[in-house]
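Presented below is the structure to which this report refers.
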Amino acid sequence: MYKVLLADDEPLITKGLEALIDWEDYGFEIMHISEDGEDALDYIQENPIDLLVTDIIMPKRTGLRLFEEAKKIRPQIKCIVLSGYEEFEYVKQGMILGIENYLVKPVDEDELLKTVQTVSEKLSAIREEVEETDFHTLKDNTLWRLLNGEINKNEWEQRLSLYGMSSLRPFYNVSTLEFSNVGNQELNVELRKNIESHFSAHCLLSPDQELLIILDGTDPAELYQINQQLAEYLRTNCPEIGTFYLSMGDPVASMEQIGESYFQAREYSLYQICLEPNTVISSQVHVDRQTLLKNQQTYKADLVKRILDSGEEVEDGIELFFQTLTKDTKFLAPAVARKYTIDLIVYIYHSIQDVKHYNHTAAIEKLVYATDLQQIKHILTDYCQELVSAIDHQQDSRSPIVQNVLDYMHAHYNEELSLKTLSQRFHINPIYLGQLFQKEIGVVFSEYINHFRLEKAKELLKTTHLRAGEIGKKVGYSDTAYFYKQFKKHVGATPTEWRNI
(Lines give C-alpha, C1' and ligand atoms only; values in the text may rest on other atoms or scores of the structure.)
Protein backbone atom coordinates (compact mmCIF):
# COMPACT_ATOMS: atom_id res chain seq x y z
CA MET A 1 0.00 0.00 0.00
CA TYR A 2 1.13 3.55 -0.75
CA LYS A 3 0.89 5.90 2.24
CA VAL A 4 -1.30 9.04 2.05
CA LEU A 5 -1.44 12.18 4.21
CA LEU A 6 -4.45 14.54 3.93
CA ALA A 7 -3.87 18.14 5.02
CA ASP A 8 -6.72 20.71 5.24
CA ASP A 9 -7.88 23.02 8.03
CA GLU A 10 -11.51 22.14 7.26
CA PRO A 11 -12.38 18.70 8.78
CA LEU A 12 -15.41 18.48 6.52
CA ILE A 13 -13.15 18.51 3.46
CA THR A 14 -10.81 15.77 4.72
CA LYS A 15 -13.75 13.56 5.72
CA GLY A 16 -15.22 14.10 2.26
CA LEU A 17 -11.90 13.15 0.60
CA GLU A 18 -11.74 9.95 2.67
CA ALA A 19 -15.19 8.93 1.49
CA LEU A 20 -15.06 10.23 -2.10
CA ILE A 21 -13.15 7.24 -3.51
CA ASP A 22 -12.19 3.79 -2.21
CA TRP A 23 -8.49 4.51 -1.66
CA GLU A 24 -7.55 0.91 -0.85
CA ASP A 25 -8.91 -0.34 -4.17
CA TYR A 26 -6.19 1.71 -5.86
CA GLY A 27 -3.39 0.65 -3.52
CA PHE A 28 -3.49 3.65 -1.10
CA GLU A 29 -3.89 3.86 2.66
CA ILE A 30 -4.69 7.12 4.48
CA MET A 31 -2.21 7.25 7.36
CA HIS A 32 -2.75 10.68 8.85
CA ILE A 33 -4.93 13.80 8.67
CA SER A 34 -3.46 17.21 9.54
CA GLU A 35 -5.26 20.52 10.08
CA ASP A 36 -2.17 22.69 9.58
CA GLY A 37 1.11 22.63 7.62
CA GLU A 38 3.30 22.34 10.72
CA ASP A 39 1.68 19.12 11.95
CA ALA A 40 1.78 17.67 8.42
CA LEU A 41 5.51 18.37 8.03
CA ASP A 42 6.29 16.91 11.48
CA TYR A 43 4.49 13.70 10.50
CA ILE A 44 6.29 13.46 7.14
CA GLN A 45 9.65 13.84 8.89
CA GLU A 46 8.94 10.74 10.98
CA ASN A 47 6.91 8.59 8.56
CA PRO A 48 7.30 7.42 4.93
CA ILE A 49 4.53 9.21 3.01
CA ASP A 50 4.11 8.59 -0.74
CA LEU A 51 1.24 11.00 -1.53
CA LEU A 52 0.40 14.35 0.04
CA VAL A 53 -3.09 15.79 -0.64
CA THR A 54 -3.09 19.36 0.71
CA ASP A 55 -5.15 22.53 0.71
CA ILE A 56 -3.35 25.51 -0.80
CA ILE A 57 -4.13 27.86 2.12
CA MET A 58 -3.55 26.49 5.63
CA PRO A 59 -2.44 27.81 9.03
CA LYS A 60 1.32 27.91 9.84
CA ARG A 61 2.43 26.80 6.35
CA THR A 62 0.87 26.98 2.86
CA GLY A 63 0.27 23.79 0.91
CA LEU A 64 2.93 24.64 -1.68
CA ARG A 65 5.48 25.50 1.04
CA LEU A 66 4.60 22.22 2.79
CA PHE A 67 5.21 20.25 -0.43
CA GLU A 68 8.47 22.08 -1.14
CA GLU A 69 9.85 21.19 2.30
CA ALA A 70 8.42 17.66 2.22
CA LYS A 71 10.34 16.98 -1.04
CA LYS A 72 13.61 17.79 0.76
CA ILE A 73 12.81 15.05 3.28
CA ARG A 74 11.27 12.53 0.85
CA PRO A 75 12.30 13.39 -2.75
CA GLN A 76 9.93 10.82 -4.31
CA ILE A 77 6.78 12.17 -2.58
CA LYS A 78 3.86 13.09 -4.89
CA CYS A 79 1.40 15.94 -4.26
CA ILE A 80 -2.19 16.89 -5.18
CA VAL A 81 -3.16 20.48 -4.33
CA LEU A 82 -6.72 21.62 -3.45
CA SER A 83 -8.11 25.16 -3.54
CA GLY A 84 -11.43 26.94 -3.10
CA TYR A 85 -10.76 28.89 -6.30
CA GLU A 86 -8.51 28.66 -9.37
CA GLU A 87 -5.65 31.11 -9.02
CA PHE A 88 -3.17 31.19 -11.92
CA GLU A 89 -0.17 32.15 -9.79
CA TYR A 90 -0.74 29.18 -7.47
CA VAL A 91 -1.17 26.85 -10.45
CA LYS A 92 2.09 28.12 -11.95
CA GLN A 93 4.03 27.72 -8.69
CA GLY A 94 2.60 24.24 -8.24
CA MET A 95 3.61 23.17 -11.72
CA ILE A 96 7.16 24.42 -11.10
CA LEU A 97 7.33 22.36 -7.90
CA GLY A 98 6.01 19.29 -9.73
CA ILE A 99 2.52 18.76 -8.28
CA GLU A 100 0.42 16.02 -9.88
CA ASN A 101 -2.75 18.10 -10.21
CA TYR A 102 -4.47 21.29 -8.99
CA LEU A 103 -8.08 20.44 -8.02
CA VAL A 104 -10.70 23.11 -7.32
CA LYS A 105 -13.17 22.49 -4.47
CA PRO A 106 -15.62 20.88 -4.40
CA VAL A 107 -13.42 18.11 -5.74
CA ASP A 108 -14.76 16.23 -8.73
CA GLU A 109 -14.75 12.45 -8.06
CA ASP A 110 -13.71 11.44 -11.59
CA GLU A 111 -10.87 13.96 -11.71
CA LEU A 112 -9.56 12.85 -8.31
CA LEU A 113 -9.81 9.20 -9.33
CA LYS A 114 -7.87 9.75 -12.59
CA THR A 115 -5.18 11.72 -10.73
CA VAL A 116 -4.82 9.01 -8.05
CA GLN A 117 -4.52 6.31 -10.74
CA THR A 118 -1.78 8.31 -12.49
CA VAL A 119 0.06 8.76 -9.19
CA SER A 120 -0.22 5.01 -8.53
CA GLU A 121 1.38 4.23 -11.90
CA LYS A 122 4.24 6.66 -11.25
CA LEU A 123 4.89 5.31 -7.76
CA SER A 124 4.79 1.76 -9.09
CA ALA A 125 7.39 2.62 -11.77
CA ILE A 126 9.64 4.23 -9.14
CA ARG A 127 9.32 1.19 -6.86
CA GLU A 128 10.17 -1.20 -9.72
CA GLU A 129 13.20 0.90 -10.62
CA VAL A 130 14.41 0.90 -7.00
CA GLU A 131 13.85 -2.86 -6.70
CA GLU A 132 15.71 -3.45 -9.98
CA THR A 133 18.60 -1.25 -8.78
CA ASP A 134 18.71 -3.09 -5.45
CA PHE A 135 18.61 -6.44 -7.29
CA HIS A 136 21.52 -5.44 -9.54
CA THR A 137 23.49 -4.09 -6.57
CA LEU A 138 23.17 -7.38 -4.67
CA LYS A 139 23.96 -9.39 -7.79
CA ASP A 140 26.98 -7.20 -8.63
CA ASN A 141 28.33 -7.53 -5.08
CA THR A 142 28.06 -11.33 -5.21
CA LEU A 143 29.71 -11.58 -8.65
CA TRP A 144 32.48 -9.12 -7.69
CA ARG A 145 33.29 -11.18 -4.58
CA LEU A 146 33.25 -14.36 -6.70
CA LEU A 147 35.67 -12.89 -9.28
CA ASN A 148 38.05 -11.83 -6.50
CA GLY A 149 37.85 -15.08 -4.50
CA GLU A 150 36.12 -13.45 -1.52
CA ILE A 151 33.11 -15.79 -1.22
CA ASN A 152 32.87 -19.51 -0.48
CA LYS A 153 31.33 -22.00 -2.89
CA ASN A 154 28.15 -22.75 -0.90
CA GLU A 155 27.32 -19.07 -0.57
CA TRP A 156 27.86 -18.12 -4.22
CA GLU A 157 26.00 -21.20 -5.50
CA GLN A 158 22.95 -20.29 -3.40
CA ARG A 159 23.02 -16.65 -4.41
CA LEU A 160 23.61 -17.24 -8.12
CA SER A 161 20.56 -19.50 -8.27
CA LEU A 162 18.49 -16.56 -6.98
CA TYR A 163 19.76 -14.45 -9.88
CA GLY A 164 18.93 -17.13 -12.46
CA MET A 165 22.58 -18.00 -13.08
CA SER A 166 23.64 -21.59 -13.72
CA SER A 167 26.94 -22.92 -12.40
CA LEU A 168 26.64 -26.07 -14.52
CA ARG A 169 27.60 -24.80 -17.98
CA PRO A 170 30.61 -26.53 -19.62
CA PHE A 171 32.72 -23.37 -20.05
CA TYR A 172 32.80 -19.74 -18.90
CA ASN A 173 34.87 -16.67 -19.53
CA VAL A 174 35.01 -13.10 -18.23
CA SER A 175 35.46 -10.20 -20.64
CA THR A 176 36.08 -6.59 -19.65
CA LEU A 177 34.49 -3.84 -21.74
CA GLU A 178 36.12 -0.41 -21.51
CA PHE A 179 34.74 2.44 -23.61
CA SER A 180 35.36 6.15 -24.05
CA ASN A 181 31.87 7.48 -23.15
CA VAL A 182 32.03 6.06 -19.64
CA GLY A 183 30.40 7.86 -16.69
CA ASN A 184 26.86 8.09 -18.09
CA GLN A 185 24.78 6.01 -15.65
CA GLU A 186 21.79 5.70 -17.99
CA LEU A 187 24.07 4.52 -20.81
CA ASN A 188 25.63 1.89 -18.52
CA VAL A 189 22.19 0.56 -17.52
CA GLU A 190 20.94 0.46 -21.12
CA LEU A 191 24.14 -1.18 -22.41
CA ARG A 192 23.94 -3.84 -19.72
CA LYS A 193 20.32 -4.62 -20.60
CA ASN A 194 21.11 -4.86 -24.32
CA ILE A 195 24.05 -7.23 -23.82
CA GLU A 196 22.13 -9.48 -21.41
CA SER A 197 19.12 -9.62 -23.74
CA HIS A 198 21.14 -10.47 -26.88
CA PHE A 199 23.73 -12.85 -25.39
CA SER A 200 23.92 -15.58 -22.76
CA ALA A 201 25.62 -13.12 -20.43
CA HIS A 202 25.58 -11.61 -16.95
CA CYS A 203 27.07 -8.14 -16.49
CA LEU A 204 28.35 -6.13 -13.56
CA LEU A 205 30.13 -2.82 -13.10
CA SER A 206 33.52 -2.96 -11.40
CA PRO A 207 34.67 -0.19 -9.03
CA ASP A 208 36.77 1.04 -12.01
CA GLN A 209 33.56 1.41 -14.05
CA GLU A 210 34.62 -1.37 -16.40
CA LEU A 211 31.64 -3.39 -17.57
CA LEU A 212 32.50 -7.00 -16.72
CA ILE A 213 30.70 -9.62 -18.80
CA ILE A 214 30.43 -13.27 -17.75
CA LEU A 215 29.68 -15.46 -20.78
CA ASP A 216 29.09 -19.21 -21.04
CA GLY A 217 29.35 -21.70 -23.90
CA THR A 218 29.65 -25.34 -24.86
CA ASP A 219 33.40 -25.17 -25.58
CA PRO A 220 36.28 -22.65 -25.72
CA ALA A 221 35.95 -22.19 -29.49
CA GLU A 222 32.32 -21.13 -29.09
CA LEU A 223 33.28 -18.59 -26.43
CA TYR A 224 35.91 -17.02 -28.71
CA GLN A 225 33.23 -16.80 -31.39
CA ILE A 226 30.68 -15.26 -28.97
CA ASN A 227 33.18 -12.56 -27.99
CA GLN A 228 33.74 -11.69 -31.65
CA GLN A 229 29.96 -11.52 -32.14
CA LEU A 230 29.66 -9.27 -29.09
CA ALA A 231 32.31 -6.89 -30.47
CA GLU A 232 30.49 -6.79 -33.81
CA TYR A 233 27.20 -6.11 -32.01
CA LEU A 234 28.78 -3.19 -30.12
CA ARG A 235 30.31 -1.75 -33.31
CA THR A 236 27.02 -1.94 -35.21
CA ASN A 237 24.36 -1.24 -32.59
CA CYS A 238 26.00 0.79 -29.81
CA PRO A 239 27.76 3.82 -31.38
CA GLU A 240 26.84 5.85 -28.28
CA ILE A 241 29.52 4.07 -26.20
CA GLY A 242 32.27 5.53 -28.41
CA THR A 243 35.62 3.80 -28.87
CA PHE A 244 35.96 0.51 -26.97
CA TYR A 245 38.15 -2.50 -26.21
CA LEU A 246 36.74 -5.91 -25.29
CA SER A 247 39.38 -7.90 -23.38
CA MET A 248 38.58 -11.61 -23.20
CA GLY A 249 39.89 -13.80 -20.37
CA ASP A 250 40.66 -17.43 -21.28
CA PRO A 251 37.74 -19.90 -21.05
CA VAL A 252 37.59 -21.97 -17.83
CA ALA A 253 35.79 -25.25 -17.17
CA SER A 254 33.90 -24.26 -13.98
CA MET A 255 32.47 -21.27 -12.16
CA GLU A 256 35.03 -21.88 -9.40
CA GLN A 257 37.81 -20.87 -11.84
CA ILE A 258 36.03 -17.74 -13.10
CA GLY A 259 38.41 -15.48 -11.12
CA GLU A 260 41.34 -16.77 -13.21
CA SER A 261 39.58 -15.72 -16.42
CA TYR A 262 38.89 -12.28 -14.96
CA PHE A 263 42.52 -11.65 -14.02
CA GLN A 264 43.64 -12.81 -17.49
CA ALA A 265 41.18 -10.34 -19.05
CA ARG A 266 42.72 -7.56 -16.97
CA GLU A 267 46.20 -8.55 -18.16
CA TYR A 268 45.10 -8.66 -21.81
CA SER A 269 43.57 -5.18 -21.43
CA LEU A 270 47.12 -3.83 -21.01
CA TYR A 271 47.69 -4.52 -24.72
CA GLN A 272 45.32 -1.67 -25.59
CA ILE A 273 48.38 0.52 -26.07
CA CYS A 274 49.48 -1.37 -29.17
CA LEU A 275 46.22 -2.61 -30.77
CA GLU A 276 43.48 -0.98 -32.83
CA PRO A 277 40.32 -0.13 -30.83
CA ASN A 278 36.79 -1.55 -31.33
CA THR A 279 38.14 -5.09 -31.25
CA VAL A 280 38.61 -8.16 -29.05
CA ILE A 281 41.89 -8.60 -27.17
CA SER A 282 42.50 -12.25 -26.28
CA SER A 283 45.19 -14.95 -26.22
CA GLN A 284 44.52 -15.43 -29.95
CA VAL A 285 45.71 -11.89 -30.76
CA HIS A 286 49.41 -11.64 -31.56
CA VAL A 287 51.28 -9.05 -29.47
CA ASP A 288 55.06 -8.58 -29.52
CA ARG A 289 55.26 -8.71 -25.73
CA GLN A 290 59.05 -8.53 -25.56
CA THR A 291 59.21 -5.34 -27.63
CA LEU A 292 56.36 -3.84 -25.64
CA LEU A 293 58.13 -4.52 -22.33
CA LYS A 294 61.46 -3.34 -23.70
CA ASN A 295 59.97 -0.02 -24.83
CA GLN A 296 58.29 0.46 -21.46
CA GLN A 297 61.55 -0.36 -19.71
CA THR A 298 63.39 2.26 -21.77
CA TYR A 299 60.99 5.03 -20.77
CA LYS A 300 61.00 3.93 -17.12
CA ALA A 301 64.80 3.98 -17.00
CA ASP A 302 64.82 7.38 -18.74
CA LEU A 303 62.50 8.86 -16.11
CA VAL A 304 64.59 7.45 -13.25
CA LYS A 305 67.69 9.04 -14.81
CA ARG A 306 65.93 12.41 -15.07
CA ILE A 307 64.88 12.18 -11.39
CA LEU A 308 68.40 11.32 -10.27
CA ASP A 309 69.79 14.23 -12.30
CA SER A 310 68.13 16.58 -9.80
CA GLY A 311 64.80 16.68 -11.60
CA GLU A 312 66.18 17.80 -14.95
CA GLU A 313 63.29 17.78 -17.44
CA VAL A 314 61.26 15.32 -15.33
CA GLU A 315 57.99 16.64 -16.76
CA ASP A 316 59.28 16.00 -20.29
CA GLY A 317 60.02 12.41 -19.28
CA ILE A 318 56.49 11.99 -17.91
CA GLU A 319 55.06 13.41 -21.14
CA LEU A 320 57.13 10.93 -23.18
CA PHE A 321 55.89 8.07 -20.98
CA PHE A 322 52.23 8.93 -21.62
CA GLN A 323 52.88 9.47 -25.31
CA THR A 324 54.09 5.86 -25.52
CA LEU A 325 50.84 4.72 -23.90
CA THR A 326 48.63 6.59 -26.37
CA LYS A 327 50.62 6.79 -29.61
CA ASP A 328 49.03 3.67 -31.18
CA THR A 329 45.46 4.04 -29.93
CA LYS A 330 42.70 6.65 -30.07
CA PHE A 331 41.45 5.59 -26.65
CA LEU A 332 43.17 4.39 -23.48
CA ALA A 333 40.97 3.27 -20.57
CA PRO A 334 41.82 5.05 -17.28
CA ALA A 335 42.07 1.64 -15.57
CA VAL A 336 44.81 0.61 -18.03
CA ALA A 337 46.68 3.92 -17.69
CA ARG A 338 46.52 3.48 -13.90
CA LYS A 339 48.05 0.00 -14.09
CA TYR A 340 50.99 1.20 -16.22
CA THR A 341 51.52 4.22 -13.96
CA ILE A 342 51.45 2.15 -10.77
CA ASP A 343 53.98 -0.21 -12.38
CA LEU A 344 56.15 2.83 -13.20
CA ILE A 345 56.00 4.14 -9.61
CA VAL A 346 56.95 0.72 -8.24
CA TYR A 347 59.88 0.63 -10.69
CA ILE A 348 61.02 4.11 -9.60
CA TYR A 349 60.73 3.13 -5.94
CA HIS A 350 62.87 0.01 -6.38
CA SER A 351 65.39 1.86 -8.56
CA ILE A 352 65.91 4.70 -6.06
CA GLN A 353 65.91 2.78 -2.79
CA ASP A 354 68.50 4.97 -1.14
CA VAL A 355 65.92 7.74 -0.56
CA LYS A 356 65.35 7.06 3.10
CA HIS A 357 61.78 7.00 4.48
CA TYR A 358 60.21 8.08 1.17
CA ASN A 359 56.68 6.61 1.08
CA HIS A 360 55.48 5.72 -2.43
CA THR A 361 52.26 4.03 -1.27
CA ALA A 362 50.47 7.39 -0.87
CA ALA A 363 50.82 8.05 -4.61
CA ILE A 364 49.53 4.57 -5.44
CA GLU A 365 46.52 5.07 -3.14
CA LYS A 366 45.70 8.32 -4.99
CA LEU A 367 46.00 6.56 -8.35
CA VAL A 368 43.46 3.92 -7.32
CA TYR A 369 40.79 6.67 -7.17
CA ALA A 370 41.88 8.60 -10.29
CA THR A 371 39.19 8.65 -12.98
CA ASP A 372 40.89 10.14 -16.05
CA LEU A 373 44.25 10.47 -17.79
CA GLN A 374 44.86 14.05 -16.63
CA GLN A 375 44.41 13.11 -12.97
CA ILE A 376 46.78 10.16 -13.38
CA LYS A 377 49.41 12.36 -15.05
CA HIS A 378 49.05 14.99 -12.30
CA ILE A 379 49.54 12.39 -9.52
CA LEU A 380 52.66 10.99 -11.24
CA THR A 381 54.09 14.50 -11.70
CA ASP A 382 53.52 15.35 -8.03
CA TYR A 383 55.14 12.07 -6.97
CA CYS A 384 58.24 12.66 -9.11
CA GLN A 385 58.63 16.27 -7.99
CA GLU A 386 58.34 15.29 -4.31
CA LEU A 387 60.88 12.53 -4.91
CA VAL A 388 63.33 14.96 -6.53
CA SER A 389 62.93 17.23 -3.52
CA ALA A 390 63.55 14.32 -1.12
CA ILE A 391 66.69 13.29 -3.06
CA ASP A 392 68.05 16.85 -3.04
CA HIS A 393 67.40 17.18 0.68
CA GLN A 394 68.94 13.80 1.47
CA GLN A 395 72.00 14.38 -0.71
CA ASP A 396 72.54 17.71 1.03
CA SER A 397 72.52 15.98 4.42
CA ARG A 398 74.32 12.78 3.33
CA SER A 399 78.02 12.42 4.04
CA PRO A 400 80.31 12.65 0.97
CA ILE A 401 81.71 9.19 1.79
CA VAL A 402 78.37 7.40 1.55
CA GLN A 403 77.33 9.36 -1.55
CA ASN A 404 80.60 8.43 -3.29
CA VAL A 405 80.11 4.76 -2.34
CA LEU A 406 76.54 4.79 -3.73
CA ASP A 407 77.62 6.41 -6.99
CA TYR A 408 80.40 3.84 -7.40
CA MET A 409 78.08 0.90 -6.58
CA HIS A 410 75.45 2.06 -9.12
CA ALA A 411 78.12 2.22 -11.83
CA HIS A 412 80.01 -1.01 -10.91
CA TYR A 413 77.28 -3.27 -9.48
CA ASN A 414 78.38 -6.06 -11.87
CA GLU A 415 81.83 -6.24 -10.26
CA GLU A 416 82.88 -7.80 -6.96
CA LEU A 417 81.72 -5.41 -4.25
CA SER A 418 82.08 -5.70 -0.49
CA LEU A 419 82.65 -3.40 2.45
CA LYS A 420 86.27 -4.55 2.39
CA THR A 421 86.91 -3.66 -1.29
CA LEU A 422 85.03 -0.37 -1.00
CA SER A 423 86.79 0.62 2.23
CA GLN A 424 90.14 0.05 0.51
CA ARG A 425 89.05 2.13 -2.49
CA PHE A 426 87.83 5.04 -0.40
CA HIS A 427 90.44 4.72 2.37
CA ILE A 428 88.09 4.17 5.28
CA ASN A 429 87.71 1.56 8.02
CA PRO A 430 85.28 -1.19 6.76
CA ILE A 431 83.45 -1.46 10.12
CA TYR A 432 82.92 2.32 10.27
CA LEU A 433 81.79 2.35 6.60
CA GLY A 434 79.24 -0.40 7.31
CA GLN A 435 77.83 1.48 10.31
CA LEU A 436 77.69 4.80 8.43
CA PHE A 437 76.01 3.17 5.40
CA GLN A 438 73.29 1.53 7.50
CA LYS A 439 72.68 4.73 9.46
CA GLU A 440 72.24 6.93 6.38
CA ILE A 441 70.61 4.48 3.93
CA GLY A 442 68.51 2.53 6.40
CA VAL A 443 69.58 -1.00 5.33
CA VAL A 444 72.81 -2.96 5.66
CA PHE A 445 75.23 -2.84 2.72
CA SER A 446 74.79 -6.50 1.64
CA GLU A 447 70.98 -6.19 1.53
CA TYR A 448 71.15 -3.00 -0.53
CA ILE A 449 73.53 -4.32 -3.19
CA ASN A 450 71.68 -7.64 -3.41
CA HIS A 451 68.35 -5.89 -3.99
CA PHE A 452 69.90 -3.50 -6.54
CA ARG A 453 71.40 -6.41 -8.52
CA LEU A 454 68.11 -8.34 -8.51
CA GLU A 455 66.23 -5.32 -9.89
CA LYS A 456 68.79 -5.06 -12.70
CA ALA A 457 68.38 -8.81 -13.34
CA LYS A 458 64.58 -8.43 -13.57
CA GLU A 459 65.07 -5.62 -16.07
CA LEU A 460 67.34 -7.77 -18.26
CA LEU A 461 64.99 -10.76 -18.04
CA LYS A 462 62.17 -8.65 -19.52
CA THR A 463 64.18 -6.77 -22.12
CA THR A 464 66.71 -9.30 -23.46
CA HIS A 465 66.81 -12.92 -24.58
CA LEU A 466 69.90 -13.74 -22.49
CA ARG A 467 69.83 -16.95 -20.45
CA ALA A 468 69.13 -16.52 -16.75
CA GLY A 469 72.62 -17.74 -15.79
CA GLU A 470 74.27 -15.19 -18.08
CA ILE A 471 72.13 -12.44 -16.60
CA GLY A 472 73.17 -13.46 -13.08
CA LYS A 473 76.83 -12.98 -14.03
CA LYS A 474 76.12 -9.69 -15.80
CA VAL A 475 74.64 -8.19 -12.63
CA GLY A 476 77.45 -9.35 -10.34
CA TYR A 477 76.66 -12.92 -9.21
CA SER A 478 79.68 -15.12 -9.99
CA ASP A 479 77.87 -18.20 -8.61
CA THR A 480 74.85 -19.05 -10.79
CA ALA A 481 73.29 -21.31 -8.12
CA TYR A 482 73.51 -18.50 -5.55
CA PHE A 483 71.84 -16.10 -8.04
CA TYR A 484 68.93 -18.54 -8.58
CA LYS A 485 68.54 -18.99 -4.82
CA GLN A 486 68.52 -15.24 -4.10
CA PHE A 487 66.12 -14.52 -6.97
CA LYS A 488 63.64 -17.18 -5.83
CA LYS A 489 63.89 -16.03 -2.20
CA HIS A 490 63.31 -12.32 -2.83
CA VAL A 491 61.11 -12.33 -5.95
CA GLY A 492 59.03 -15.42 -5.15
CA ALA A 493 59.61 -17.09 -8.54
CA THR A 494 62.50 -18.48 -10.54
CA PRO A 495 64.07 -16.18 -13.18
CA THR A 496 62.37 -18.14 -15.97
CA GLU A 497 58.96 -18.08 -14.24
CA TRP A 498 59.23 -14.35 -13.67
CA ARG A 499 60.25 -13.72 -17.31
CA ASN A 500 57.08 -15.50 -18.46
CA ILE A 501 54.71 -13.64 -16.15
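Note that the structure is predicted; figures quoted are calculated from it, not measured.
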How far apart are the closest heavy atoms of [X] and [Y], and which atoms are they?
X	Y	value
Phe321	Leu380	CD2-CD2, 4.3 Å
Tyr484	Ala468	OH-CB, 3.2 Å
Leu303	Ile348	CD2-CD1, 4.0 Å
Glu415	Arg453	O-NH2, 2.7 Å
Phe244	Ala231	CZ-O, 3.6 Å
Leu325	Tyr340	CD2-CG, 3.8 Å

> Ion pair present between Lys473 and Glu470, side-chain N to carboxylate O less than 4.0 angstrom?
Replying inline: no

> Between Lys300 and Asp343, is there a side-chain N and carboxylate O pair less than 4.0 Å apart?
Replying inline: yes

Beyond-backbone contact of [X] with [Y], side-chain heavy atoms, under 4.5 angstrom:
X	Y	result
Val285	Tyr268	no
Val444	Gln438	yes
Glu459	Glu455	no
Ile379	Thr341	no
Val336	Tyr245	no
Phe426	Val402	no
Leu146	Met255	yes
Gln272	Glu178	yes

Roughly how far, to the nearest 0.5 Å, is [atom2] of [Y] from [atom1] of [X]?
X	Y	atom1	atom2	value
Ile401	Ile428	CD1	CD1	3.5 Å
His410	Lys456	NE2	NZ	8.5 Å
Leu212	Arg266	CG	CZ	9.5 Å
Ile77	Asp50	CD1	CG	7.5 Å
Leu215	Met248	CG	CE	8.0 Å
Leu234	Ile241	CG	CD1	4.5 Å

Kindly say whether [Y] contributes a backbone atom to a donor-acceptor pair with the side chain of [X] at under 3.5 angstrom?
X	Y	result
Asn450	Ser446	no
Ser261	Ile258	no
Thr381	Lys377	yes
Ser180	Thr243	yes

> Are Trp144 and Tyr262 close enough, and set up right, to give a side chain to side chain contact (heavy atoms under 4.5 Å, CB included), and what steps lead you there?
Replying inline: CA-CA 10 Å; Trp144 180 249; Tyr262 168 55; 3.4 Å; yes

> Where do Leu177 and Leu230 land on the side chain to side chain contact (heavy atoms under 4.5 Å, CB included) test, with the steps shown first?
Replying inline: CA-CA 10 Å; Leu177 177 62; Leu230 174 55; over 6 Å; no

Crowding at [atom1], [X] (>12 non-hydrogen neighbours, <6.0 Å):
X	atom1	result
Lys474	NZ	no
Glu416	CD	no
Tyr233	OH	yes
His412	NE2	yes

>> Give me each pair satisfying salt bridge (Lys or Arg N to Asp or Glu O under 4.0 Å) with a member in residues 228-257, each pair once, sequence neighbours excluded.
In response: Lys153-Glu256, Glu232-Arg235

>> We want to know whether Gln375 and Thr371 form a side-chain donor-acceptor pair, criterion being a heavy-atom distance below 3.5 angstrom.
In response: yes

> Judged by modelled atom types alone, do Asn194 and Asn237 share a side-chain donor-acceptor pair under 3.5 Å?
Replying inline: no

>> Taking the ring centre of each residue, are Tyr477 and Phe487 less than 6.0 Å apart?
In response: no

> Passes side chain to side chain contact (heavy atoms under 4.5 Å, CB included), Thr298 versus Thr324? Steps please.
Replying inline: CA-CA 11 Å; Thr298 300; Thr324 65; over 6 Å; no

> What residues, two or more places apart in sequence or in another chain, satisfy side chain to side chain contact (heavy atoms under 4.5 Å, CB included) together with Lys122?
Replying inline: Lys78, Glu100, Thr118

>> If you apply the rule side chain to side chain contact (heavy atoms under 4.5 Å, CB included), what do you find for Leu211 with Thr176, and how did you get there?
In response: CA-CA 6 Å; Leu211 188 65; Thr176 65; over 6 Å; no

> In this structure, which one of His198, Lys193, Arg192 forms a side-chain contact (heavy atoms from CB on, under 4.5 Å) with Glu196?
Replying inline: Arg192

